[in-house]
Amino acid sequence: MPELPEVEVVRAGLAPALVGARIEAVTVLDPRALTRHAGDAASFERALNGRTVSAAARRGKFLWLPLEPAAGAVGESSEAIVGHLGMSGQMLLRPSGAEPERHERIRLDIAHPAHGDLAVVFSDQRTFGSLAVDQLVLTADGAAGGWGTDAPQVPSQVAHIARDPLDPAFSDGRFAASVRAKRSAVKRILLDQTVVSGVGNIYADESLWAARIHPETPGSALSDRAVNRLLAEVRAVLERALAEGGTSFDSQYVNVNGQAGYFAHSLNAYGRDGESCPRCGTKLVRESFMNRGSHFCPKCQRRS
DNA sequence: GGAATAACCTGGATGC
DNA sequence: TGCATCCAGGTTATTC
């Protein structure tokens, strides 16, 4: 599933082809892919036709593509295409005129001064992902909005999302204070994108396993040392996954060229229930938690 | 206001 | 073989 490493791989893959490209045509094949867009498909198409992409940015699992001012507009543009891949969304770069993908929802035909004509295809099996045209707003802390941009701006619908742990402006102290102020299970806190962004079910399980913390430990029961250890493991897991191109299951996640990542082979806990813990040899278990699976070692990660 | 839960959605896997 | 059911999980609206 697309979490921070997967979305970052997509952002980095899109940037060279999209930054500086002009949008020549927009085709919305399924309006359900516009659930985050305030208007209809026609307004989405009108807002993008003829616009030029100025950057490819990301915060947590959200991507956005700031746009240069529309022809005839006065002053700086404050609009961007904002996207979320949901559970099965893909952003694919294809040759211009390529055959439609099986779950293609939206296609942008672009012209890049160096790379020529290309198609940007938003494909999504489960339709939890979506694109939108959104207004950019100033960041609350004045720092850059996220990876891939120096501008202190984020789309309005991303403003409530916390910075991710790989963001230079992420505050370790604020994160620790938030965790320790909550009685909720620490895994629930890790999945709360207003506390820390970019972490989903896979990397939450992996980080908690690495930090030897039971997923249902209340945040308020963790010591400062434990919270710092957990944050360090979150960062380490995300960085390793990023280096390996992300985690792919059943082709649910691929990069812009349709290639899978390799981190699934490096998982220690997620999806390995019934197998031996790589650390102590105890059989890993899976429990239902928040309508999803929670994978952990009952010996290394004792319930407190 | 914080915390927990339901709903959204599709296709692969599984069971009968 | 074909049909029904279960399962995966990110975000948000709703409920407690």
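By convention in this document, chain letters (A, B, ...) are assigned in the order of the sequence lines, proteins followed by strands, and residues within each chain are numbered from 1.
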Keeping the roles fixed (side chain from A/His214, backbone from A/Leu208), state whether a donor-acceptor pair exists under 3.5 Å.
no
Check: A/Arg292 side chain, C/dG10 base, donor-acceptor under 3.5 Å:
yes
Bend angle of the helix from B/dG2-C/dC16 to B/dC16-C/dG2, from helix axes over five pairs at each end, nearest 10°:
50°
Comparing A/Arg105 and A/Ala185 on DNA chain B - which has the more 5′ nearest nucleotide
A/Ala185
Of the nucleotides B/dA4, B/dT10, C/dG10, which has the atom closest to the A/Leu191 side chain?
C/dG10
Under 3.5 Å, is there any donor-acceptor pair linking the side chain of A/Arg188 to the base of B/dA3?
no
Could you tell me whether the phosphate oxygens of B/dC9, OP1 or OP2, come under 4.0 Å of any side-chain nitrogen or oxygen in A/His103?
no
Rounded to the Å, how far apart are A/Met290 CE and C/dC7 C1'?
17 Å
Please determine whether a side-chain nitrogen or oxygen atom of A/Arg32 lies at a distance below 4.0 Å from atom OP1 or OP2 of B/dT10.
yes
Minimum-distance nucleotide to A/Ser184 side chain [options: B/dA4, C/dC7, C/dT11]
B/dA4
Which part of the nucleic acid does A/Gly129 contact within heavy-atom distance under 4.0 Å: base, sugar-phosphate only, or nothing?
nothing
Using the side-chain heavy atoms of A/Lys182, tell me which of these nucleotides is nearest: B/dG11, B/dC9, B/dA3.
B/dA3
At under 4.0 Å, does any side-chain N or O of A/His84 touch on OP1 or OP2 of C/dT11?
yes
Apply side-chain contact (heavy atoms from CB on, under 4.5 Å) to A/Ser171 and list each qualifying residue two or more places apart in sequence or on a separate chain.
A/Arg174
Output side-chain donor-acceptor pairs under 3.5 Å for residues 39-48 of chain A, partner residues at least two apart or in another chain, one line each.
from, atom 1, to, atom 2, distance (Å)
A/Asp40, OD1, A/Ala42, N, 3.3
A/Asp40, OD1, A/Ser43, N, 2.8
A/Ser43, OG, A/His37, NE2, 3.0
A/Ser43, OG, A/Asp40, N, 3.2
A/Ser43, OG, A/Asp40, O, 2.9
A/Glu45, OE2, A/Val28, N, 3.4

Using whole Å, report how far CZ of A/Phe62 lies from P of C/dG10.
12 Å
Given C/dG10, B/dA4, C/dA8, which nucleotide is nearest the side-chain atoms of A/Tyr270?
C/dA8
A/Asn201: what forms a side chain to side chain donor-acceptor pair (under 3.5 Å) with it, not counting sequence neighbours?
A/Lys187
Pairwise 5' ranking along DNA chain C for A/His160 and A/His295, keeping only the more 5' one:
A/His295
The side chain of A/Met87 lies closest to which of these nucleotides: C/dT12, B/dG12, C/dG10?
C/dG10
Per A/Gln193 side chain, nearest of listed nucleotides C/dG10, B/dC9, C/dT11
C/dT11
Rounded interatomic separation in angstrom, taking CD from A/Glu216 and P from B/dA3
16 Å
Partners meeting ring-ring contact (aromatic ring centres under 6.0 Å, His included) with A/Phe62 (sequence neighbours left out)
A/His84
Give a yes/no on whether any side-chain N or O of A/Thr127 is located under 4.0 angstrom from OP1 or OP2 of B/dC8.
no
The test is side chain to side chain donor-acceptor pair (under 3.5 Å); show your working for A/Thr27 and A/Arg107 and say whether it passes.
CA-CA 5 Å; A/Thr27 308; A/Arg107 176 175 293 218; over 6 Å; no
Under the side chain to side chain donor-acceptor pair (under 3.5 Å) rule, collect the residues that match up with A/Asp167, sequence neighbours excluded.
A/Arg163
